[in-house]
Amino acid sequence: MTYVVTVAMAHPEGAPELDALQREGVIFLLRKGFDSLEAIEGPDGMEIELLDDLIAAGPSGALLRIFVDAPALEFAEDAAREVVSELLERTEALADWRITRCGVELNSELLQESLDAADGPDAPPADPAERARRHAAADSTTGPDRLHPAEVEAMRARLRALAPTLAAVPPEAFGHGDDPEEGTVGREAAEIAAGALVFAVDLLVDELFTDLAALEEDGPTVAESDAAFMLLDDLPPQFADGYTVLFARRLTVTAVTLTGRLAQPRPVRPSCVAEEILLRLLITQAEVTADLYDLLSDEVATALETFAEGIGADPDADATDLAPLGAEDWFTPFDDDGDAGFVHPYAAHDDEESLQGPTAR
């Protein structure tokens, strides 16, 4: 069964907040470690398959979502905690970091499936209350499992203050209505969702610049490179031969243009395939950011889902469905109707010589 294990980590107490470049460095180190793994060893040598992972970093820590195939919930959690602990220990820059939370958040049906799947002397008790008691006891021996309330409240205030920056997206686009009977989420949830998107813009653009530098050094394409990319590795892998330096430049310019339009008081719709994919990545990063700071309540999750549905950028949909053509076609405008069809002139051209100008003779 596939489980999603959330692992939160924090840097040493009293250490200064990580700036944007340091956060990208943390993500790079964690990505490099996880890219070398295909499976995790569980109890008694049991092999637990690592299917996928998401990594985000904030001013005081990082958050991982590890997708694993395991026979039971406990095995998934234990294996995830062990592999992350080992990764921190062997990464010199992260050796002093600590795990503050490691667990699978389940609904009741998945919980019962986990109970049914477990077998042997280490199987969890059938009584959910006893099961919860054991988990609480285990967590108490490993230190705090949540961020300090002051950190959570500070980030809550910061995201709400950032929300007005997203001028193109009013609270209604997140499901908030002044009339309680018309809205699905409260104003605070809508503002946290909006602020998380603004916060994620820095991460998205920084990751693209970092990937571009790595590709320029270790290209010529993602398919041929041994570098660990922060964002380019999350694009549909079947087009990796087309992820060239020029492609990465065009994608970066598109991201800057798109996120700039989000700060303008005009409705925004994706203008090309590249923008659709970038919006999905932005929404995913916003969700992970909110989760990192214990702010991803059901209401905030609903607000982000409502925004994604309204703008046509569901992050859970298969990106392959959006990109049936080659990567060079991702920047072709959908239409020519104003902003809906606008693609930056640099990104619109796919001829490398035309972008770099005439060659000196």
Side-chain angles (χ1 to χ4, degrees), residues 24 27-28 31-32 34-36 38 51-55 200-201 203-261 268-285 308 311-336 340-359:
E24 294 303 325
I27 294 173
F28 176 80
R31 166 64 56 217
K32 185 176 181 181
F34 273 95
D35 282 349
S36 66
E38 293 183 359
L51 302 176
D52 200 0
D53 58 78
L54 293 172
I55 304 175
V201 167
L203 301 178
L204 179 76
V205 175
D206 282 345
E207 286 176 1
L208 281 168
F209 277 120
T210 302
D211 280 359
L212 175 57
L215 191 59
E216 287 176 332
E217 182 177 343
D218 195 47
T221 70
V222 169
E224 299 172 80
S225 173
D226 293 326
F229 297 105
M230 296 180 174
L231 187 142
L232 294 178
D233 279 340
D234 292 332
L235 300 178
Q238 67 269 35
F239 303 118
D241 284 328
Y243 301 154
T244 63
V245 170
L246 175 58
F247 169 86
R249 291 173 181 170
R250 297 170 75 191
L251 192 66
T252 303
V253 169
T254 301
V256 172
T257 303
L258 169 65
T259 53
R261 297 208 316 271
V268 171
R269 299 288 298 180
S271 62
C272 59
V273 168
E275 287 198 353
E276 286 192 331
I277 291 175
L278 287 167
L279 276 169
R280 291 181 177 202
L281 294 171
L282 183 68
I283 293 167
T284 298
Q285 186 67 266
I311 206 167
D314 181 4
D316 294 326
D318 188 351
T320 304
D321 294 338
L322 284 180
L325 305 174
E328 67 276 6
D329 298 311
W330 291 10
F331 305 93
T332 302
F334 289 141
D335 56 57
D336 296 320
F342 175 79
V343 173
H344 193 282
Y346 184 97
H349 291 288
D350 60 3
D351 180 70
E352 188 160 4
E353 183 175 345
S354 70
L355 290 174
Q356 295 181 348
T359 303

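Just so we're clear, the structure is a prediction, and the values are computed from it rather than from any experiment.
Ser225 contributes a side-chain N or O that, together with a main-chain N or O of Asp218, makes up a donor-acceptor pair within less than 3.5 Å.
The NE2 atom of His344 sits 12.5 Å away from atom CG of Leu258, with the distance rounded to the nearest 0.5 Å. Taking CZ from Phe247 and OG1 from Thr252, the interatomic distance works out to 9.0 Å, rounded to the nearest 0.5 Å.
Between Leu281 and Leu235 the shortest side-chain heavy-atom distance falls below 4.5 Å. Residues Gln285 and Leu203 form a side-chain contact, since some pair of their non-hydrogen atoms from C-beta on lies under 4.5 Å apart. For the pair Thr332 and Cys272, the minimum side-chain heavy-atom distance is 4.5 Å or more. Residues Val253 and Arg250 have side chains not in contact (no heavy-atom distance under 4.5 Å, counting atoms from C-beta outward). The side-chain heavy atoms of Glu276 and Phe334, taken from C-beta on, include a pair separated by under 4.5 Å.
Residues Ala248 and Leu215 share a closest heavy-atom pair of CB-CD2, 4.1 Å. Heavy atoms only, all atoms of each residue included: Tyr243 and Ala327 are closest at CE2-CB, 3.8 Å. In this structure, Ile283 and Ala308 approach most closely via the heavy-atom pair CD1-CB, 3.6 Å. Across all non-hydrogen atoms, the minimal contact from Leu282 to Val201 is CD1-N, 3.7 Å. The shortest non-hydrogen separation linking Pro270 to Ile311 is CD-O, 3.3 Å.
The pair Glu275-Arg261 meets the salt-bridge criterion, with a side-chain N (NZ, NE, NH1 or NH2) lying under 4.0 Å from an Asp/Glu carboxylate O. The existence of a salt bridge linking Arg249 and Glu216 is confirmed by a sub-4.0 Å separation between a basic side-chain nitrogen and an acidic carboxylate oxygen.
Taking the six-membered ring for Trp and the full ring otherwise, Tyr346 and Phe331 have centroids separated by 6.0 Å or more.
Just one of Ile277, Leu232, Leu246 meets the side-chain contact (heavy atoms from CB on, under 4.5 Å) condition when paired with Leu251; it is Leu232.
Judged by distance alone, the side chains of Thr210 and Glu207 never bring a donor and an acceptor atom under 3.5 Å apart.
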